[in-house]
Amino acid sequence: MVENEKKWQEFWEKHPELYRANDFVGTDRSVCSKKAQTQGSVRTDKKYILVEFPYPSGSGLHVGHAFSFTGADVYARFKRMSGFNVMFPMGWDAFGLPTENYAIKTKQPPQKVTKDNTDKFKSQMKQLAFSFDWSREVNTTDPKYYKWTQWIFIQLFKAGLAYKKKMPINWCPSCKIGLANEEVVNSRCERCGTEVSRRNIDQWVVKITDYADKLIEGLDKTAFIEKVKQAQIKWIGKSEGANVKFKIVGAIHESPLQHLEIFTTRPDTMFGATFMVVAPEHELVDEILNNNVGAIHESPLQKIKNYVENVRKKSDLERTELTKGKTGVFSGLYVLNPATGKEIPIWISDFVLPNYGTGAIMGVPAHDDRDKEFAEKFGLEIISVYDDEEKIINSDFLNGMKPADAIKKMIDWLQEKEIGEAKSSYHLRDWIFSRQHYWGEPIPMVYCEKCNWQPVPETELPIKLPEVENYEPTDNGESPLSLIPGWVDTVCPICREPAKRETDTMPNWAGSDWYFLRYIDPFNEKTFADFEKMKYWMPVDVYIGGDEHNTLHLLYSRFIYKFLYDLGKVPVDEPYFKRLSHGVILGPDGQRMSKSKGNVIVPEVVAEKYGVDVVRMYLMFIGPFDGTMAWNENTLMGVKRFLDRFELFIKGQINNQSSNETVSSQNAEVIINKLIKGVTEDIDSFKFNTAIAKSMEALNSLTALKENINLKSIQTLIKLIAPFAPYTAEELYSQLEKSDENYGSVHVSEWPKIDEKYLKEEKVTIAVAINGKVRGQIELDTDRQEEKEEILKMAKENDRVKPWLEGKIINKEIYVPGKMINFLIS
RNA sequence: GCCGCUGUGGUGAAAUUGGUAUACACGCAAGACUUAAAAUCUUGUGCUCUCAACAAGCGUGUGGGUUCGACCCCCGCCAGCGGCACCA
């Protein structure tokens, strides 16, 4: 088997046109497949099938890769054989920390580590027979590639969507890197698990929040599976409500703060607002401490100072600890509740988040659990504004109304008085785009004392990473690039005076945001991809990936794509039509595979033992494509037996082909045509496990027939298995007469067509039930299934049914044509 | 707490989407071949009662409902998995 694998690998290597996608636009036709060149008219319907490109780690391809890539490959092979012009590309998301760390540890340049790793991945992928179009391979660390990643950043900057801001970032003390909110899990670094702390660092920030609504609305145009849509909507977290300004009582004229603005989703409860709370980071707190507001009723300045300092010392983890109970301090200030006309106190508490809404809330303790807890702890007034029937009370002009109406009415009232307006808030935060590391795309910006931040002229792109001796992260949190004077020092593109380069690099996501566009036109030097080619290929028809990317990569890349769309640079407004989640393969012990647990299965090793086709087919048979399944070697043996029997059967059939063409029996034709239908439908809907089950069933039936089948049937069986077992199929197919061009490869042969005449059942079996219990069955010719009276009569006389009807009265007779009969008796 | 998903034999899982539940595979049992084992092949395999049955009853987490008919639709509960979580 392994020898065969080698033979066919070399064969496929020699004929890369087999899996090549045709662009059908532009002038460069050299990449067309032989099929396209030799045939006058080929089908130009395209399928862009995309599977998330991997991060090429040092440990090589793991089972998860093998699983998801095999699923995508089966689908791609099937579509290709079905006559589609399939693009199924692969590339490398190769910037990132593990490579950098490994490079530091082994004292090699990350460029070399990346090269070694991608070489290894690529050869493993070839061994596993993935039918990628390697002529479109991309690598995010290739300067020719990241030139365009940098170009996109400059467009963001020019559009005002990228700005520099000193902001508290999540700082991982172990990785020495700033993290995006999305990279912080339970206040810990997603990568290393170290608890993150806060640091104030000048960062590039990208305004993804400007696209929040578009990112929600765009989902309607996609066919993403529901859980992905929900995850994105939830992550963006849009809440509709109102911003309301409360007048600060007795604020001095000079104070910049005359009002306290809050966000609420329930303006209808304003009559029940008995206090206000601001986050310790709120600007009001600074103003109070600087004595800039005035009219403070008491003067608890020291108390406030202590509280705020205390909160700052807390880690995120401590701060969000729900069980700790509410803490807070009175600010000494009051605001006027415009609804009630009453003065209510402003408190400072860390349960209010600084970066959501306005960082301040109105406290409605009667109808919000958190506000209630706070009010009870500090003895604040509690006023109900809803009765048990969800109708408003104690609220003047809102009394008696239902919530939805009251919200509308209140917003109108606020707008009329010019103290509030309808407003949406989002959980989504702007995207911190700076990383203080070496192994990433340099951010193509220059700082000039006179002209401020300026983008590098586009003609100077790419800004290449300098090759250096030392790229370890620095302890002060600055990028290692800052230590390279020759690289940092440059001139301002505007005034030509000395200036300094940005030394931060981009996050991982930057390169993977748009890679699917580069596959379309990987060698273009004038633009990231030719518009006409994109018009042909976009959107991606199916995008297969892991659930872990549903909110990070998927949202970022949709955002960048929508931004490019608004610039008129890409042809359609959503990048991915369909998004599918692949499942997870657990270790034999049912646990997630990890080196520490020692339950890691290496696909390469298993493939050497049983053959690649067995591994591929087993992975597809183990369960539904989106399921969570444990590795089980027993089931794998079952698949191996099947493939052995399949090979034996086909070889036997080939030997039995007489010089006169053998004719398949009716029975055999029925089995084979049913199989074509089943496998076609199942692969089309990613139900690989049942497609294989049907193949097993068909082989069992055919073997039991002990008959010879004709050449076409043999070909059909081989073709149907080809997407799952490419080596076995190619070998068996090669033993047949070579009937077409394309070097006789089964993988570009035509997918079998159904002969409908064999799918028509001649007989149908109709179950006969009495009071819903099946008691017998009758068989009749299919074309007679409409003869209701006749059939009911047959049913009543059926040997097994008759005894049940004796002496009973039939109250009702139900007949479902071709399916079943139900007699209701008493 | 919120969002999403799942619950079917000893096990992984099927079920044409409301029409004969348990396909396919594993495991197990018996048998064939073999000095023997492995491999391979054949047969059986949801549960209960039974010497046995092509006999009857029960059976898709659980309690109800709709329907001639429910793994499938509706309502309530229980358990598990994944994600989010002081988001006003």
Side-chain angles (χ1 to χ4, degrees), chain A residues 185-186 225-231 233-235 237-239 241 262-267 269 273 277 279 319-326 349-353 355-364 367-371 373-374 425-429 547-548 550-551 581 584 618 621-624 626-639 641-642 644-645 648 677-678 681-682 687 689-700 703 765-777 799-800 803 811-825:
Chain A
V185 178
N186 288 330
I225 50 173
E226 193 54 29
K227 80 166 161 184
V228 177
K229 282 191 185 180
Q230 287 308 320
I233 289 170
K234 189 88 184 153
W235 192 266
K238 182 175 186 172
S239 297
I262 58 101
F263 171 73
T264 177
T265 55
R266 297 298 300 270
T269 61
V277 189
R319 185 164 167 175
T320 52
E321 189 57 62
L322 275 163
T323 50
K324 74 172 166 51
K326 298 277 180 287
S349 172
D350 66 357
F351 85 85
V352 173
L353 304 174
N355 42 16
Y356 181 76
T358 61
I361 62 155
M362 64 178 191
V364 185
H367 304 288
D368 182 282
D369 291 343
R370 294 153 304 180
D371 296 352
E373 189 192 337
F374 193 78
S425 277
Y426 303 87
H427 295 191
L428 187 70
R429 304 286 142 79
D547 279 335
E548 70 275 19
N550 287 346
T551 47
S581 291
V584 179
Y618 164 67
F621 182 63
I622 185 170
D626 59 357
T628 305
M629 298 138 304
W631 181 268
N632 180 339
E633 197 124 337
N634 282 331
T635 305
L636 183 138
M637 285 310 296
V639 172
R641 271 176 225 149
F642 164 70
D644 287 347
R645 271 185 285 132
L648 210 67
K677 186 168 193 278
E681 286 171 357
D682 284 354
K687 287 152 85 177
N689 53 337
T690 52
I692 294 169
K694 281 167 188 163
S695 305
M696 290 171 165
E697 207 175 349
L699 180 66
N700 291 345
T703 309
T765 309
I766 295 172
V768 185
I770 288 154
N771 287 347
K773 267 245 162 277
V774 175
R775 297 296 177 186
Q777 38 188 247
D799 285 350
R800 309 198 60 85
N811 297 321
K812 201 171 175 188
E813 298 172 341
I814 295 151
Y815 174 55
V816 185
K819 292 262 165 76
M820 72 153 20
I821 292 165
N822 196 359
F823 292 123
L824 302 185
I825 63 167

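So you know, we letter chains A, B, ... as the sequences are listed, proteins then strands, and number each from 1.
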For atom NZ of A/Lys677, is the number of surrounding heavy atoms from other residues, nucleotides or ligands below 6.0 Å larger than 12? no
Mind calculating the distance between CD1 (A/Ile825) and P (B/rC68) to the nearest angstrom? 17 Å
Are A/Arg775 and B/rA56 close enough that a side-chain N or O sits under 4.0 Å from OP1 or OP2? yes
hbond_proxy A/Lys227 side chain to B/rC3 base (donor-acceptor, 3.5 Å cutoff): no
Where does the angle between the aromatic ring planes of A/Phe351 and A/Phe374 fall among parallel (under 30°), tilted (30 to 60°) and perpendicular (over 60°)? tilted
Taking the C1' atom in each of B/rC33 and B/rU40, what is the distance between them to the nearest angstrom? 9 Å
Could you check A/Asp644 against A/Asp371 and say which one's nearest nucleotide on RNA chain B is further toward the 5' end? A/Asp644
Given atom CZ of A/Arg645 and atom P of B/rA39, what is their separation to the nearest angstrom? 14 Å
Is the distance between the ring centroids of A/Tyr426 and A/Trp235 under 6.0 Å? no
Result for 5'-nearest mapping on RNA chain B, choosing between A/Ala767 and A/Arg800, is A/Ala767
Could you check whether A/Val364 gets within reach of a base, just the sugar-phosphate, or nothing at all, counting any heavy atom under 4.0 Å? nothing
A/Trp631 to A/Leu636 - nearest heavy-atom pair and separation: CZ2-CD1, 3.8 Å
Taking B/rA25 as the reference, what is the distance to B/rG19 when you measure between their P atoms (whole Å, please)? 25 Å
Check the chi torsion on B/rU45 and let me know: syn if it falls within 90° of 0, anti if not. anti
Between B/rG18 and B/rA13, how far is it from one P atom to the other, in whole Å? 24 Å
Closest of B/rG57, B/rA88, B/rU20 to the A/Tyr356 side chain is B/rA88
Generate the contact string for nucleotides 10-19 of chain B. Rules: B means base contact, S means sugar-phosphate contact only, - means no protein heavy atom under 4.0 Å. --BSSS---B
Can a donor-acceptor pair be found, under 3.5 Å and without considering hydrogens, that links the side chain of A/Asn689 to the backbone of A/Phe621? no
Of the listed nucleotides B/rA56, B/rC2, B/rA88, the one nearest the side chain of A/Thr265: B/rA88
Contact summary for A/Arg266 and A/Met362, nearest pair of heavy atoms: O-CE, 3.6 Å
Separation of atom CE in A/Met637 from atom C1' in B/rC24, rounded to whole Å: 17 Å
Taking B/rA15 as the reference, what is the distance to B/rA23 when you measure between their C1' atoms (whole Å, please)? 8 Å
Indicate, with a heavy-atom threshold strictly under 4.0 Å, whether A/Gln777 touches base, sugar-phosphate, or nothing. base
Stem segments of RNA chain B by first residue number [Watson-Crick or G-U, under 3.5 Å, at least 3]: B:1-7 with B:78-84, B:10-12 with B:24-26, B:27-32 with B:40-45, B:46-48 with B:56-58, B:61-65 with B:73-77
Can you name the nearest heavy-atom pair linking A/Gly357 to A/Ser425, along with the distance? CA-OG, 3.7 Å
A/Asn822 and A/Gly772 have their tightest heavy-atom pair at OD1-N, 3.0 Å
Can you see if the side chain of A/Arg641 gets near the phosphate of B/rA39 - specifically, an N or O under 4.0 Å from OP1 or OP2? no
Give me the distance, rounded to whole Å, that separates B/rU17 from B/rG9 when you measure between the C1' atoms they each carry. 23 Å
Scan A/Lys773 against the nucleic acid and name what it touches under 4.0 Å (heavy atoms): base, sugar-phosphate only, or nothing. sugar-phosphate
Check A/Asp547 with A/Lys227, please: is the shortest side-chain N to carboxylate O separation under 4.0 Å? yes
Between B/rG1 (C1') and A/Asp369 (CG): distance, integer Å: 9 Å
Taking syn as a glycosidic torsion within 90° of 0 and anything else as anti, which one is B/rG9? syn
Gap between atoms NZ and P, on A/Lys238 and B/rA88 respectively (whole Å): 13 Å
Under a 3.5 Å cutoff, is there a donor and acceptor pairing between the side chains of A/Ser581 and A/Asp626? no
Tell me whether the side-chain N/O atoms of A/Asn550 come closer than 4.0 Å to OP1 or OP2 in B/rG4. no
For the pair made of CG in A/Leu824 and C1' in B/rU67, what is the distance, rounded to whole Å? 11 Å
For A/Asp368 and B/rC86, what is the distance between atoms CG and P respectively, to the nearest whole Å? 13 Å
Does A/Arg429 offer a backbone N or O that forms a donor-acceptor pair with the side chain of A/Asn355 under 3.5 Å? no
B/rC24 and B/rG46, which share atom name P, separated by this distance in whole Å: 12 Å
In whole angstrom, what separates A/Ile692's CD1 from B/rC26's C1'? 15 Å
B/rU6 to B/rU42 separation - C1' atoms, rounded to the nearest Å: 38 Å
P atom, B/rA38 versus B/rG27: distance in rounded Å? 13 Å
Would you mind classifying the nucleic acid contact of A/Ser695 as base, sugar-phosphate or nothing, using non-hydrogen atoms under 4.0 angstrom? nothing
Between atom OH of A/Tyr618 and atom CD of A/Glu633, what is the distance when rounded to the nearest 0.5 Å? 8.0 Å
